[in-house]
Amino acid sequence: NINSVELSKEALLAFGRAGLGLTIKMPKGSLTLDVDAAASIASQATGSNLRMELKEVAQASLTAAQQQGVEDDSLIVDINIYSADKKISSFEGSLTIEIPYTGSEPVAVWYLNDEGELEKLESTFANGLVTFVLDHLSLYVIGEDKAPVYINPFTDVNTGDWFYDDVKYAYENGLMVGTGTINFSPNLETTRGMIVTILHRLEGSTKVTGTNTFADVEEGKWYSNAIKWAAENSIVAGYGDGKFGPEDSITREQMAVILMNYAKLKGYDVSAKTDISKFTDGDKVSSWAKDALAWTNAKGLIIGTGNEILAPQGLAVRAQVAAVLHRFIETFK
């Protein structure tokens, strides 16, 4: 099924000069050029007309390498723009594509290159239409966004462990890695530097421009940039004596404060509170951590250890951290 339309180069130039975009509707979908794309494509035209084409492609027509990367029930489209004998593939600006889709959900869109490699694109699916934005033309695949099969790399994390799903989530999302090629070390204490590094990863390891304010945080360490980022954003303040203690094991109440400060940075609601006096060791909570532990407990992030014990000065092990992270992200993200 071929959808194509012809329009004059002069018409496209006129839209650009008027500061207007252009939407071309076809029976099988639509193409919308923004102002920059219209001007860029028109400037590359070698003839007086342009032909825009949206073509459904049979999987059998792909190369062997391309076929291996495409599921049988996927919709494959080839989007082209021609002028005379020239194929225009790249351009400035953006081209928005809308295509009806009736296949399995959730839906995703991928760019398919000549080697059969798939590059996932940002896309939306609503009212039976898949929408995605391009800055170059080629083959694109629309289909079900199937989660990859998880292969547990850790010999010390088993399917029956209470933390199995939490470790899986943290590992799959790049928040925590193993302590070796085959070990996660779920019962190993977690350091203050690691907690901050995990949150920095959650932010996409954003670029850090500030200076280090802690005397015990050396430049070039694996946690250096994360600690600078956290200090700049008021997520951590250190011990108050110019030190942060990056290699110190983190306590549950310290982790609660860091999590609440991060939640404040993100604009999340931190008003919920549990009456921590109900715990037998509620009076052991440090004054600076009471609000944070009351909030994290109310949100189910840091729960008691059993028998109404909160263990505020207890040290957080890696399995617990993975669980808290998983709960935090599912609650707020």
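Starting from 1, each residue takes its place in the sequence as its number.
- Contact check for L112 versus Y140: no side-chain heavy atoms found under the 4.5 Å cut-off.
- Summarising the local packing, CD of E92 is surrounded by 12 or fewer heavy atoms from other residues, nucleotides or ligands at distances under 6.0 Å.
- The aromatic ring centres of Y268 and Y262 sit 6.0 Å or more apart.
- One side chain, S271 or D269, offers a donor N or O that lies under 3.5 Å from an acceptor on the other.
- Rounding to the nearest 0.5 Å places CG of D283 at 8.5 Å from NZ of K290.
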Stepwise, does the side chain to side chain contact (heavy atoms under 4.5 Å, CB included) test hold for I198 with V321? CA-CA 10 Å; I198 290 169; V321 171; 4.0 Å; yes
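- Under the 4.5 Å side-chain criterion, counting only non-hydrogen atoms from C-beta, M176 is in contact with L325.
- In E218, the CD atom is not crowded: 12 or fewer heavy atoms of neighbouring residues, nucleotides or ligands sit closer than 6.0 Å.
- Without hydrogens or angle criteria, S83 side chain to G47 main chain gives a donor-acceptor distance under 3.5 Å.
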Apply side chain to side chain contact (heavy atoms under 4.5 Å, CB included) to residues T206 and W229 and explain how you reach the verdict. CA-CA 8 Å; T206 54; W229 163 79; 3.5 Å; yes
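- With rounding to the nearest 0.5 Å, the separation of CD in E232 from CD1 in I227 is 12.0 Å.
- Using a 4.5 Å heavy-atom cutoff, the side chains of R252 and Q313 are not in contact.
- Using modelled atom types, no side-chain atom of N225 and backbone atom of V208 make a donor-acceptor pair closer than 3.5 Å.
- No side-chain donor from either of T32 and T96 sits under 3.5 Å from a side-chain acceptor of the other.
- Checked by atom type, the side-chain pair E53/S4 shows no donor-acceptor distance below 3.5 Å.
- At a threshold of 4.5 Å between non-hydrogen side-chain atoms, the residues I195 and T190 count as touching.
- By the rule that hydrophobic residues join a cluster once side-chain heavy atoms approach within less than 4.5 Å of another member, L129 and V107 end up as members of separate clusters.
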Can you check side chain to side chain contact (heavy atoms under 4.5 Å, CB included) on N80 and D78, steps first, answer last? CA-CA 6 Å; N80 300 297; D78 192 7; 3.3 Å; yes
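- No donor-acceptor pair under 3.5 Å is formed between the side chain of R51 and the backbone N or O of E6.
- Side chain of D156 to backbone of N183: no donor-acceptor contact under 3.5 angstrom is found.
- A salt bridge does not link K221 to E247: none of the charged nitrogens lies less than 4.0 Å from a carboxylate oxygen.
- In this structure, V35 is not a member of the same hydrophobic cluster as V133, with clusters built from ILVMFWY side-chain heavy atoms closer than 4.5 Å.
- Contact of the E98 side chain with the S30 side chain is registered, since non-hydrogen atoms from C-beta on lie closer than 4.5 Å.
- Taken together through direct or relayed side-chain contacts under 4.5 Å among Ile, Leu, Val, Met, Phe, Trp and Tyr, Y101 and L31 form part of one hydrophobic cluster.
- The pair K146-E71 meets the salt-bridge criterion, since a charged nitrogen lies less than 4.0 angstrom from a carboxylate oxygen.
- Ring-centre distance between F154 and Y171: below the 6.0 Å cut-off.
- Within the 3.5 Å criterion, the main-chain N or O of Q66 finds a donor-acceptor partner in the side chain of T63.
- Residues F214 and K243 are not in side-chain contact: their nearest non-hydrogen atoms beyond the backbone lie 4.5 Å or more apart.
- Within 6.0 Å of the NZ atom in K273, the count of heavy atoms belonging to other residues, nucleotides or ligands exceeds 12.
- Using modelled atom types, one finds no donor on one side chain facing an acceptor on the other under 3.5 Å when comparing Y169 with E330.
- Two different hydrophobic clusters hold V317 and F163 under the rule that ILVMFWY side chains link at heavy-atom gaps under 4.5 Å.
- Residues Y164 and N152 have side chains that never bring a donor and an acceptor to within less than 3.5 angstrom of each other.
- Side chain to side chain, E219 and S224 fail the donor-acceptor criterion of an N or O pair below 3.5 Å.
- Counting heavy atoms from C-beta on, the side chains of L7 and N49 never come closer than 4.5 Å.
- Checking side-chain atoms of S61 against main-chain N and O of V57 turns up no donor-acceptor pair under 3.5 Å.
- N297 is not listed as a side-chain neighbour of W295, based on a closest heavy-atom distance of 4.5 Å or more.
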Starting from the C-alpha separation in whole Å, work towards a yes-or-no answer on side chain to side chain contact (heavy atoms under 4.5 Å, CB included) for Y82 and L50. CA-CA 6 Å; Y82 299 96; L50 295 108; over 6 Å; no
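- Taking OG1 of T296 as the reference point, atom CZ of F328 lies at 10.5 Å (rounded to 0.5 Å).
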Checking H200 against Y223 for the ring pair (Phe, Tyr, Trp, His ring centres under 6.0 Å) test, could you report, in this order, the C-alpha distance in whole Å, the side-chain angles of both residues, the deciding distance, and whether it holds? CA-CA 9 Å; H200 193 215; Y223 48 67; over 10 Å; no
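- A salt bridge does not link R327 to D166: none of the charged side-chain nitrogens sits closer than 4.0 Å to a carboxylate oxygen.
- Atom OG in S286 sits 8.5 Å away from atom CD in Q254 (nearest 0.5 Å).
- With 3.5 Å as the limit, one finds a donor-acceptor pair spanning the side chains of D34 and S94.
- For E10 and R17, the salt-bridge test passes: some basic side-chain N is under 4.0 Å from an acidic carboxylate O.
- Formation of a donor-acceptor pair under 3.5 Å by the D275 side chain with backbone atoms of S277 is found in this model.
- Linking Ile, Leu, Val, Met, Phe, Trp and Tyr whenever their side-chain heavy atoms come within less than 4.5 Å puts F125 and I97 in one cluster.
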